Protein chains: 2
Amino acid sequence: MQKQPQSDSAITPIVWQGDRLELLDQRLLPHSEQYVTARTSDEVAQAIHQMVVRGAPAIGIAAAYGVVLAASAVDGDNWRADLTAALQRLAASRPTAVNLRWALDRMGVMVKGMQRPDAGRLLAEAQAIHAEDLAQNRRMGDLGAALFGSPVQVLTHCNTGALATGGYGTALGVIRSAHRDGRLLHVYADETRPWLQGSRLTAWELAKEGIPAQLIADGAAAYLMAQRKVDWVIVGADRVTANGDVVNKIGTYSLAVAARHHGVRFMVVAPSSTVDMHLASGAGVPIEERPASELTQLRGLSIAPQDFPALNPVFDVTPAHLVDVLVTERGVLQQPDVPGMKALMGG
Amino acid sequence: MQKQPQSDSAITPIVWQGDRLELLDQRLLPHSEQYVTARTSDEVAQAIHQMVVRGAPAIGIAAAYGVVLAASAVDGDNWRADLTAALQRLAASRPTAVNLRWALDRMGVMVKGMQRPDAGRLLAEAQAIHAEDLAQNRRMGDLGAALFGSPVQVLTHCNTGALATGGYGTALGVIRSAHRDGRLLHVYADETRPWLQGSRLTAWELAKEGIPAQLIADGAAAYLMAQRKVDWVIVGADRVTANGDVVNKIGTYSLAVAARHHGVRFMVVAPSSTVDMHLASGAGVPIEERPASELTQLRGLSIAPQDFPALNPVFDVTPAHLVDVLVTERGVLQQPDVPGMKALMGG
């Protein structure tokens, strides 16, 4: 039997059950811990689109398991075309994070080499992707935490923890490692509107770990920096381009601008699967716009005038020159730029 | 009979009814337009504390009417001490905005000159404060809009409209005037967490006026600036100090930092009653911290883990050097500083 990669964070948001994928429904957290069952690749694609599962690494992992489900379902002469179509539908489920495409490319290479739809081999590959992500998170956590000479006050945005990854987390992984090593004084967690990943998910993870933290309104971050309450801003990424630009949750760029203004250091933590060397800069990344209702409603409650228009880009682009450190499992890159990114990625 | 100052915006949030004050309950907007009745000065103080009425000029006006109610209730030898105590309880209802103290000082001067509690004279003064604020708003609207050479895209924060003032608005007054004059292309309204003044109140006013606008998450503002979608940031103020520092809704400072980074102009619109020449800088202003529940709950819904700690400062300080223009009813001050503020305030 294949082994489920084990997170050490007591949070297992993606669980393979032999014939189906169980996804912890992140829309219902922190109040209800319910799993959504996906028995087909299209159900996985739908779960990604509807944000049952979110976080760049986590959606890559979920999609990889989706390919296993697709392979179990196809047969007959058209299996290869059917499987390719399933891969394409999974790839279309969200446009911005590159890990999704990266994981599907890796699964696609396996498919290409097959003479028949071999779900077993694909499962081994999906579980490898899952396990590697977890191991990479732990390594990034250690690399990032090692950058703190003395205990630090940090500010983080969105959710980059066990829920967003194969386990442990990227930016939140660094925070976990720093806490473990006695290098963490305090965490300020942006609530991260509109989806409240900070309030609902990061706060939930921080509470489970007993890490000292306070929730803040996104608009309060710069004010805390002015009060010297923040030493580092630590965020994840949905895509890092060849020049070191960082595409991440809306609000990240605002933090980067404020951090630079205050001399606060800005760290991005992302596995190399988040790096897209095919895109020269962040200007080429498709920025997903989600429905206005994410701003005008909250859990079915209307919080703005009926039908008031809203603009809801859910990612933004932080130019490389505002990034002090990029932490990947391959190592730490200070002041990312084109030559540095090339050297890091072995290109 | 005394006349209720008439706003031309079809929004009358503060209505004097002869023996009581009716306050449009801003906690229930935009879904329900209900008035809270205050029959005593303590009920007015409570309404201010609980944010039935909010916005620096509006709470000053409401408090002035509160003094009228107090004067109607006192009699006997202790009337002066009782009235003074009522004034003090009104002054303590919120700590940050200076208009509250300004209006109460003005009412206090009237009280001082009285031989008996003369509610009629106090009512005339409260109505004068109310009417003057409205007239000042219209003048500031015209002065601010005149700064736009060609039609502009603006971004605003919190609510600074008819709801926050004697009518018309400060920052939103400039937006109204610019719209009327054909000098406005588009408004981006920050939702303004945690209280959602933007989503609930500014959107409601903009919709009533038919001004083209979109709601955005607070974290999206810098990203829109990077995309050159914002020409001006226009905000109000709760207190402007003698050096031109601006204390305003949390998130304002973040916008000022981002505006400067992008070369976007930053306008503060506030009547001279918002200026506190007794404080040298924003560092001396008490910053109100409100309950964590404003971040962790929304209309009774819990949106974060139970009892998760939150830090909820509801104002921040924007240093004068980040302000391009201060618009008051006394005139427009470019790049506010100590000499400029002195000249503006006639000191």
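Order of the sequence lines fixes the chain letters, A, B, ..., with proteins taken first and strands second; residue numbering starts at 1 for each chain. Computed from a predicted model, the values in this text were never measured in an experiment.
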Please report the shortest heavy-atom distance between B:Leu311 and A:Lys229, naming the atom on each side.
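Heavy-atom minimum between the residues: CD2-NZ, 4.5 Å.
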Taking all non-hydrogen atoms of both residues, which atom of A:Tyr223 and which atom of B:Tyr253 are closest, and how far apart?
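Heavy atoms only, the tightest pair is N-CD2, 3.8 Å.
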Write out all pairs satisfying salt bridge (charged side-chain N to carboxylate O under 4.0 Å, His left out) with one or both partners inside residues 285-304 of chain B, taking only residues at least two apart or from two chains.
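Of all non-adjacent pairs touching residues 285-304 of chain B, those that pass salt bridge (charged side-chain N to carboxylate O under 4.0 Å, His left out) are B:Arg94-B:Glu288, B:Glu288-B:Arg290, B:Arg290-B:Glu294.
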Part of [X] lying under 4.5 Å from any heavy atom of chain B:
X        : answer
A:His262 : side chain
A:Ala213 : both
A:Leu196 : side chain
A:Ile287 : side chain
A:Asn312 : neither
A:Phe308 : side chain
A:Leu255 : neither
A:Pro30  : side chain

What's the separation between atom CG in B:Asp218 and atom CD in A:Glu191, rounded to the nearest 0.5 Å?
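So the CG of B:Asp218 and the CD of A:Glu191 are separated by 8.0 Å.
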Report the distance from atom NE2 of B:His31 to atom CG of A:Leu301, rounding to the nearest 0.5 Å.
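Nearest 0.5 Å value for the NE2-CG distance: 8.0 Å.
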Between [options], the one whose heavy-atom pairs under 4.5 Å with chain A are most numerous:
options                                : result
B:Leu298, B:Asp307, B:Val317, B:Leu295 : B:Leu295
B:Gln306, B:Arg260, B:Gln214           : B:Gln214
B:Leu224, B:Thr318, B:Thr192, B:Ile303 : B:Ile303
B:Ser302, B:Ala207, B:Ala220           : B:Ser302

Go through the steps for B:Ile216 and A:Ile250 under the test side-chain contact (heavy atoms from CB on, under 4.5 Å), then give the verdict.
CA-CA 11 Å; B:Ile216 61 166; A:Ile250 192 76; over 6 Å; no
Aromatic rings A:His321 and B:His261: how do their planes relate, parallel, tilted or perpendicular, breaks at 30° and 60°?
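Ring orientation, 0 to 90° scale: parallel.
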Quick one: of [options], who has the most non-hydrogen atom pairs under 4.5 Å with chain B?
options                                : result
A:Ala203, A:Gly251, A:Gly198           : A:Ala203
A:Lys249, A:His157, A:Met225, A:Arg200 : A:Arg200
A:Pro194, A:Ser199, A:Ala189           : A:Ser199

For B:Leu201, is it the side chain, the backbone, both, or neither that has a heavy atom closer than 4.5 Å to a heavy atom of chain A?
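For B:Leu201, there is no contact with chain A at all, as no heavy atom is under 4.5 Å.
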